[in-house]
Amino acid sequence: VQLVESGGALVEAGDSLRLSCAASGRTFTNYGLGWFRQSPGKEREFVAAITWNLGTPRYADSVKGRFAISRDKAKNMVYLQMNSLEPEDTAIYYCASAPGGSVSIATVTSWGQGTQVTVSS
């Protein structure tokens with residue numbers, strides 16, 4: 001499995017940004033794909049995930065209502081639309097995949113290289 005993120009940038013607080021993840025190397029039937037983030041000195045944390053089959057989303061409380069995850073099965077792409085960005089959202093964002101549909105640190109089997117998102121105040 002290969003996961004390649006793009007879309008990270010330096011933005012101002014209140015701005016919007018969309019991250020993309022190109023997934024390849026297998027079919028993702030019965031998989032879950034998601035986004036995690038890690039900022040300096042902190043552990044990697046869950047942001048959002050989506051089931052490949054039904055497109056059911058799940059979010060961390062910290063981003064609920066501001067972020068939206070989606071997937072395009074025809075293009076094998078996963079997106080993270082981030083609105084109302086805050087300085088606390090500054091981190092490296094990683095795309096991840098997990099067999100079985102449930103995405104967590106414990107279940108992820110493949111990671112992308114990450115894309116930097118910096119939100120200035």
Side-chain angles (χ1 to χ4, degrees):
V1 172
Q2 286 189 321
L3 303 170
V4 180
E5 305 95 335
S6 62
L10 169 63
V11 298
E12 294 185 348
D15 284 352
S16 297
L17 198 61
R18 188 177 83 156
L19 304 183
S20 300
C21 172
S24 63
R26 64 160 295 122
T27 57
F28 292 95
T29 303
N30 297 323
Y31 267 62
L33 279 87
W35 293 91
F36 291 74
R37 66 187 182 186
Q38 188 168 19
S39 51
K42 294 186 177 181
E43 293 186 353
R44 192 168 297 190
E45 64 174 1
F46 171 80
V47 176
I50 191 165
T51 61
W52 193 253
N53 293 0
L54 296 180
T56 304
R58 180 169 62 90
Y59 300 96
D61 287 344
S62 59
V63 306
K64 206 171 289 185
R66 299 188 298 123
F67 291 11
I69 189 170
S70 61
R71 61 60 174 126
D72 186 327
K73 295 173 74 173
K75 296 181 179 179
N76 267 21
M77 296 290 293
V78 180
Y79 304 100
L80 185 67
Q81 177 66 42
M82 305 185 294
N83 300 323
S84 302
L85 281 162
E86 304 168 352
E88 293 73 23
D89 296 316
T90 295
I92 299 174
Y93 283 70
Y94 297 91
C95 184
S97 66
S102 177
V103 178
S104 69
I105 288 284
T107 62
V108 166
T109 55
S110 296
W111 295 95
Q113 292 299 305
T115 186
Q116 176 71 48
V117 173
T118 303
V119 184
S120 65
S121 56

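Every heavy atom of this structure was used, including side-chain atoms; hydrogens, water molecules and symmetry mates were not.
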With the side chain counted from C-beta on, respond yes when V78 and I69 share a heavy-atom pair under 4.5 Å apart, and no when they do not. yes
Using a 3.5 Å distance criterion without hydrogens, assess whether the side chain of R58 forms a donor-acceptor pair with backbone atoms of G34. no
S120 side chain vs V11 backbone, donor-acceptor pair below 3.5 Å: yes
Any donor-acceptor pair under 3.5 Å from T51 side chain to T56 backbone: yes
Is a side-chain donor or acceptor of T107 paired with a backbone partner of S102 at a separation under 3.5 angstrom? yes
Rounded to the nearest 0.5 Å, what separates atom CD in E45 from atom CD in Q38? 9.5 Å
With sequence neighbours left out, which residue pairs that include part of residues 71-99 fulfil the ring-ring contact (aromatic ring centres under 6.0 Å, His included) condition? none
Pair L19, V117 - check side chain to side chain contact (heavy atoms under 4.5 Å, CB included), show working. CA-CA 9 Å; L19 304 183; V117 173; 4.0 Å; yes
Closest approach of S121 to P87 (non-hydrogen atoms, all atoms of both residues): CB-CG, 3.8 Å
Should we count CD of Q2 as having more than 12 external heavy atoms under 6.0 Å? no
Taking every heavy atom of L80 against every heavy atom of A48, the minimum-distance pair comes out as CD1-CB, 4.1 Å
Of all heavy-atom pairs between G114 and I92, which one has the smallest distance, and what is that distance? CA-CG2, 3.8 Å
To the nearest 0.5 Å, tell me how far C21 SG sits from R71 CZ. 14.0 Å
N53/T29 under side chain to side chain contact (heavy atoms under 4.5 Å, CB included): CA gap, chis, key distance, verdict: CA-CA 6 Å; N53 293 0; T29 303; 3.8 Å; yes
Atom pair CG (L3) and OG (S110), whose distance is rounded to the nearest 0.5 Å: 6.0 Å
Pairwise distance CZ(R44) to CZ(R37) - rounded to 0.5 angstrom: 13.0 Å
Please assess M77 against S20 for the test side chain to side chain contact (heavy atoms under 4.5 Å, CB included), listing each intermediate value before the final yes or no. CA-CA 7 Å; M77 296 290 293; S20 300; 3.7 Å; yes
Any heavy-atom pair between the side chains of D89 and R66 that's under 4.5 Å? yes
Shortest non-hydrogen contact from N83 to S16? OD1-OG, 3.0 Å
ring-ring contact (aromatic ring centres under 6.0 Å, His included) contacts touching residues 5-48 (sequence neighbours left out): F28-Y31, F28-W52, F36-F46, F36-W111
Sub-4.5 Å side-chain heavy-atom contact between V103 and L33: no
Does Q113 offer a backbone N or O that forms a donor-acceptor pair with the side chain of E5 under 3.5 Å? yes
In terms of heavy-atom contacts, T90 and Q116 come closest through CG2-NE2, 4.1 Å
Which heavy atom of A9 sits nearest to which heavy atom of L17, and what is that distance? N-CD2, 3.9 Å
